[in-house]
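Accompanying notes for the structure given below.
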Amino acid sequence: MAVFVEFPFQGAFYRSFIDENLPLEEREEKEILLFETKCDIQQTTTNDSGGFVDSSFAIYFPIDISQDLLVKRGDFFEGSMYGMQVNGEVIGIYASQLGACTVYLKDRDV
């Protein structure tokens, strides 16, 4: 008998950052962890065009509605579901007054 878990997976949101105050030769892209969260991950679309596979995912996670969301468009997500790595760029964020948030990702593994 399967047990239903609302948020069965673990994932992390992060932001890429380049310190533009440094000299050009010292600049490098760094990742800033925004937060880690329990979540549910669902693949929403997959398109195959001439061997080029493009996928999208929906990430659902609990939020505290009394605080601002830390994640924004252009941020990144990494997680896994059933052993499959999921990572992508945030393309949409939709919070609910019920205490959950849905984030849509464009897959980075193309």
Side-chain angles (χ1 to χ4, degrees):
M1 182 172 157
V3 175
F4 176 76
V5 178
E6 188 174 18
F7 300 109
F9 310 116
Q10 191 73 19
F13 288 94
Y14 62 95
R15 186 169 294 149
S16 290
F17 173 75
I18 298 174
D19 186 351
E20 295 184 4
N21 293 322
L22 293 172
L24 284 175
E25 64 275 359
E26 294 179 22
R27 293 181 189 178
E28 59 183 49
E29 189 173 23
K30 297 179 182 180
E31 295 177 352
I32 300 169
L33 178 65
L34 300 173
F35 63 96
E36 293 184 89
T37 185
K38 58 186 180 176
C39 60
D40 190 10
I41 303 170
Q42 297 179 9
Q43 188 166 5
T44 56
T45 62
T46 299
N47 297 314
D48 184 355
S49 176
F52 178 78
V53 179
D54 184 27
S55 298
S56 299
F57 292 87
I59 311 300
Y60 305 92
F61 60 96
I63 60 170
D64 181 348
I65 61 173
S66 67
Q67 297 182 358
D68 291 338
L69 287 173
L70 296 176
V71 65
K72 65 179 185 177
R73 286 185 63 152
D75 288 340
F76 299 96
F77 173 84
E78 287 184 359
S80 67
M81 63 178 194
Y82 305 114
M84 181 179 86
Q85 287 299 114
V86 175
N87 58 45
E89 182 177 347
V90 175
I91 58 172
I93 307 155
Y94 305 94
S96 165
Q97 289 186 0
L98 298 176
C101 187
T102 304
V103 168
Y104 292 102
L105 304 178
K106 179 170 177 58
D107 190 11
R108 294 181 74 192
D109 293 329
V110 290

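Below, each value reflects all heavy atoms present in this structure, side chains not excepted, and no hydrogens, waters or symmetry copies.
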Report task. Output the distance between atom CD (Gln10) and atom CD1 (Ile41), rounded to the nearest 0.5 Å. Result -> 9.5 Å
Report summary line: Closest non-hydrogen contact found for Ser96 with Ile65 is O-CG2, 3.5 Å
Query raised in the report: Is it true that atom CG of Asp68 has more than 12 heavy atoms of other residues, nucleotides or ligands lying nearer than 6.0 Å?
Result: no
Query raised in the report: If you take all heavy atoms of Phe9 and Asp40, which pair is closest and at what distance?
Result: CE1-OD1, 3.6 Å
Query raised in the report: Within a radius of less than 6.0 Å around CD of Glu25, do more than 12 heavy atoms belonging to other residues, nucleotides or ligands occur?
Result: yes
**Report entry** Tyr104: which of Tyr60, Tyr94, Phe57 passes ring pair (Phe, Tyr, Trp, His ring centres under 6.0 Å)
**Finding:** Tyr94
Query - Check: Asn87/Gln85 side-chain N/O donor and acceptor closer than 3.5 Å - result: no
Query raised in the report: How long is the gap from CG on Leu70 to CD1 on Ile63, to the nearest 0.5 Å?
Result: 10.5 Å
Report task. Answer yes or no: is there a donor N or O on one side and an acceptor on the other, between the side chain of Thr44 and the main chain of Ser56, under 3.5 Å? Result -> yes
Query raised in the report: Judged by atom type as modelled, is there a donor-acceptor pair below 3.5 Å linking the side chain of Arg27 to the main-chain atoms of Leu22?
Result: yes
Query raised in the report: Given the side-chain rings of Phe77 and Phe61, with only the six-membered ring counted for Trp, is the space between their centroids under 6.0 Å?
Result: no
Report summary line: Of all heavy-atom pairs linking Pro62 and Lys38, the shortest is CD-O, 3.4 Å
